[in-house]
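Beneath this line is the structure, given in structure tokens, with notes to follow.
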Amino acid sequence: MASDTPTPFRYDARLADEIERRWQARWDQQQAFRASNPGEAGFDASRPKFYGLDMFPYPSGAGLHVGHPEGYTATDILCRARRMQGFNVLHPMGWDAIGLPAEQYAVQTGVHPSVTTGKAIDNFRRQLKRFGFSYDWSREFATIDPDYVKWTQWIWLQAYDSWYDRDADRARPIGELMAELDAGTRAPGGAWLGRSWSQMDPQARRDCVDGQRLAYLGQQTVNWCPKLGTVLANEEVIDGRSERGGHPVARLPLKQWMFRITAYADRLLADLALVDWPESTRAMQSEWIGRSEGAEIDFAVHGSGALRVFTTRPDTLFGATYMVVAPEHPLVESALASTSIDGSIRGALRVYVDAARNRSDLERQAEAKVKTGVFTGLEATNPATGERIPVWTADYVLMGYGTGAIMAVPAHDQRDFEFASAFSLPITEVVRMDGVTFDGSRATAGDGVAVNSASAGLTIDGLSTADAKSRVIAWLESTRRGERRVNYRLRDWLFSRQRYWGEPFPIVYDSTGNHYPIKTSALPLTLPDMADYQPIESDTPLPPLGKARAWVETTAGDAGVDPAILPPSTPVRRETNTMPGWAGSCWYELRYCDPRNGHRFVGEEAERYWMGQGIDSRTAGVDLYVGGSEHAVLHLLYARFWHKLLFDLGHVSAPEPFAKLFHQGLITSHAYQRPDKSLVPVDEVEEREGTFVERATGVPVASIVAKMSKSLRNVINPDDVIAEYGADTFRLYEMAMGPLEASKPWNTRDIAGVFRFLQRAWRLCLDEARGVPLLARLPDPAIERALHRTIKKVGDDIDRLAFNTAIAAMIEFVNAATRPTTLANPEDGGLTRDQMERFIQVLAPFAPHLAEEVWARLGHGTLVAHATWPVADQAMLVDSEVEVPVQVLGKLRARIMVPSAIARDAAQLEAYARSHAEVVPLIEGKPIRRVIAVPGKLVNFVV
RNA sequence: GCCGGUGUGGCGGAAUUGGCAGACGCGACGGAUUCAAAAUCCGUUUCCCUUUAAAGGAGUGCAGGUUCGAUUCCUGUCACCGGCACCA
């Protein structure tokens, strides 16, 4: 300790750094935050549990962003408080270790992604530890750890080995399906509907079963870039070319591993009611699932069988004046092949369809304003009217939704209306709406009464939309022309990637293309080491793993296929696609419960305990899950799906993984904008006489709030802030900025405010010259009351994640306790030992290092992190007198002091106020019509 | 276009159930301390008008409404942020 200054114990950056590193090391040595599982030594079953989880980070080479510690600090405060409040707390951290940046770096440099990732993880761990988060580091893992990959692959195999039993509305083992098929208690479904199992050959039986697996090989149209050697996301394709490099991209139907997430659509929707999640996130998931009720209807096509459509408005069947199929619809191919259709029509069809197919979904959307399409040459019969109507093809109908075909009702659907108007197709009004009449200028969508809807077989004229829908569906079902149907926007989940850096699928193929799973005992299946990560240039997708021939080409025995299903000597090829980056994050919350379990993905007892229902949760699961709203749909939907699958198969105990979810707001930054709205980097702007000007030109610029970005040079590095103020100040600053959920701008200038608060708190407790506690001999009653109020306020605010107001309350307390006191001997001001201890206990979750240091200097040999949360005495929260505002006609006219006992009672309060010296002149001589006296709050005279 | 959210001092924000608008912090201004500065401490700080003062008026995006009383509830409207977007 430096002794050349008079105040060696002043709380400055140097001392904060020393204190923080010392306590971090001590917490590590003592494993202070290690949580015991049921059955382990030190586990106390009498305590309630609390599972506080952060969305784990993808450790990028760039290091921690200021957005990471925002949510992490919030959960840390809550977890530290819960620990002090007597909970068993599970608060883990780990790494989402599979991502594109590491693989792209490998392509460029040849450095193995595991090396890059390992370095990034080490850096992230170092940075996170420097914040003093109370993680149980003994539970740390990365999703690429072989021990973790093993169980990711095992869960995938669980899906592979399951099917969805619609009658039971849950997933069941595929073996049970086969047993029922063999026993004849269940008939083949799907494409094999109506076939007899006993008469199907082994290959047909196999295809029938494979087609029902929850992880299945399915056909999907993808954006394939031959030059880059991979499929691309829609967002990565512009004008039919790759965003990177401008190479041509083809839309290609490809066999890929899929998850049958659509089987869970209804439950994923319904169970949103169970969880305590932000309304916006539940709405986004609900929209993403996109449930819509309606009917499927068959239209007879002249010379080509039936065309099935999905509609939510079967009541408008009489108004269907034409049909439209997607350009990819099989009917288009049969029209092109049909010699009975005029050659010029087919020529135009060919041109249109080829153009449409080569356009990505993105381009279709961009050009959505103008409807395009061509006549296919085919005609269908409207089953209700018996009239012949033309079949068109147009790219406003999507192959991926419903049946890829629609009946067009131009009078009551704006899209159909625009198309009919553009191509002069007939329009018939069949719904008369209240208020809005169809006038031929636009479609009238909505409910009303059916009109023009009568024929020999079916009449719905006069029926309300709801009744007409039921009547039409009943007619369709009785005449076998269609049926009631629920459709979802949600599609099955494409789970294959042509990447190297991902979990390999534990599956092999024989020479006929049939697939066989690898048994659990042979897992994990690890990636082969490769020297060359370059994608393979070709016209068909060849994942990089294809280059590892020795790995790909093996035998069933070496691969670990059960000899009962394939002889060990059989030559097999491994799957060369890998799982996407999402895989690891679909179940990590489960692994944290029991991360070293070698026999199971999570121990049953540990899962039941940590993932069970907490005392302040509405449902079982993680008690608080905090992360960015950018994961509102994808990660959170995928994780829920995996969880439900595991639940159905009896591997986990509850239907939802995350009981309560919270999104921290985005931390933005300041940027500057020229008059033409272009942005100027922060370092090119200076302040001159209160206004901001661009340094190079002297032109004034406006200060705005913008995302942190390298180009604006307004990115804040947490390491720099900690070096200047310490981690406690950083934690406190991010929590004091505003409500946790709000997006808020970083303002470096404001950090001084919370830093000064910590300095005052430190100085309130310790002598800056000697580092010893400054203890009052006698408690000041006013401070004692303020302390009880602070304990109550901070505790309540922590419960509702309102850390900004909790910090404000602590600042108020310190300011009050620092002021000269009312005691007879002013030198006795400040806090007594007992008061200081309680204050340090409430401060500890927020500024844990400073709190430990003061705690230790008070003579404690144990950690304040393990101390008991102080209790606010209810009696100390009420003052003997309260200030009550007095209003006349709703306007504030006076403030009077009222004894609490009187203020508690409306009648007494009114009487007291009426006779109060300050109030009498206000109401004197005025007729009082009414008095509103709110106990403890106010008195209002209506004159 | 549809869904969700947000609009409060110079700035970040507070007001938990309809009851004192602006807690707390930043910044600014004034003072104490100091040879001086830094640091620290004390005070003032929504706006407007009149004023020596006391006091008064307006005010939570905008316009209305309900109420003794509205930042809070209702109707309409504007702006911004996020999501979805030819899903039949």
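Since we're looking at a predicted model, the values are computed, not measured. Residue numbers start from 1 in every chain, and the chains themselves are labelled A, B, ... in the order their sequence lines are given, proteins ahead of strands. Excluded from the calculations below are hydrogen atoms, water molecules and symmetry mates; all remaining heavy atoms, backbone and side chain alike, are included.
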Nucleotide of [options] approaching [X] most closely (side-chain heavy atoms):
X: A:Arg756; options: B:rC3, B:rC86, B:rG27; result: B:rG27
X: A:Ile406; options: B:rA14, B:rC20, B:rA88; result: B:rA88
X: A:Arg893; options: B:rG4, B:rC86, B:rG57; result: B:rG57
X: A:Val942; options: B:rC24, B:rC86, B:rC68; result: B:rC68
X: A:Pro739; options: B:rA14, B:rC24, B:rC86; result: B:rA14

Looking for any heavy atom pair under 4.0 Å, which part of the strands does [X] touch: base, sugar-phosphate only, or nothing?
X: A:Lys793; result: base
X: A:Glu883; result: base
X: A:Ser629; result: nothing

To the nearest Å, give me how far apart [atom1] ([X]) and [atom2] ([N]) are.
X: A:Leu909; N: B:rC20; atom1: CG; atom2: P; result: 14 Å
X: A:Lys792; N: B:rU16; atom1: NZ; atom2: C1'; result: 10 Å
X: A:Gln414; N: B:rA88; atom1: CD; atom2: P; result: 15 Å

Is the phosphate of B:rC20, meaning OP1 or OP2, less than 4.0 Å from a side-chain N or O of A:Gln887?
->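 No, outside the criterion.
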Between A:Ser292 and B:rA88, does any side-chain N or O lie under 4.0 Å from OP1 or OP2?
->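 Looking at the OP1 and OP2 atoms of B:rA88, one of them is under 4.0 Å from a side-chain N or O of A:Ser292.
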Indicate, yes or no, whether a donor-acceptor pair under 3.5 Å links the base of B:rC86 to the side chain of A:Lys371.
->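 Counting by modelled atom types and ignoring angles, a donor-acceptor contact under 3.5 Å is found here.
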Do A:Phe419 and A:Tyr322 have ring centroids that are under 6.0 Å from one another?
->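 So the answer is yes for these two rings.
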Pairing nucleotide - B:rC84, Watson-Crick or G-U, each distance under 3.5 Å |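 Pairing partner: B:rG1.
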Name the one of A:Arg484, A:Arg485, A:Arg481 that satisfies salt bridge (Lys or Arg N to Asp or Glu O under 4.0 Å) with A:Glu296?
->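 The option that passes is A:Arg485.
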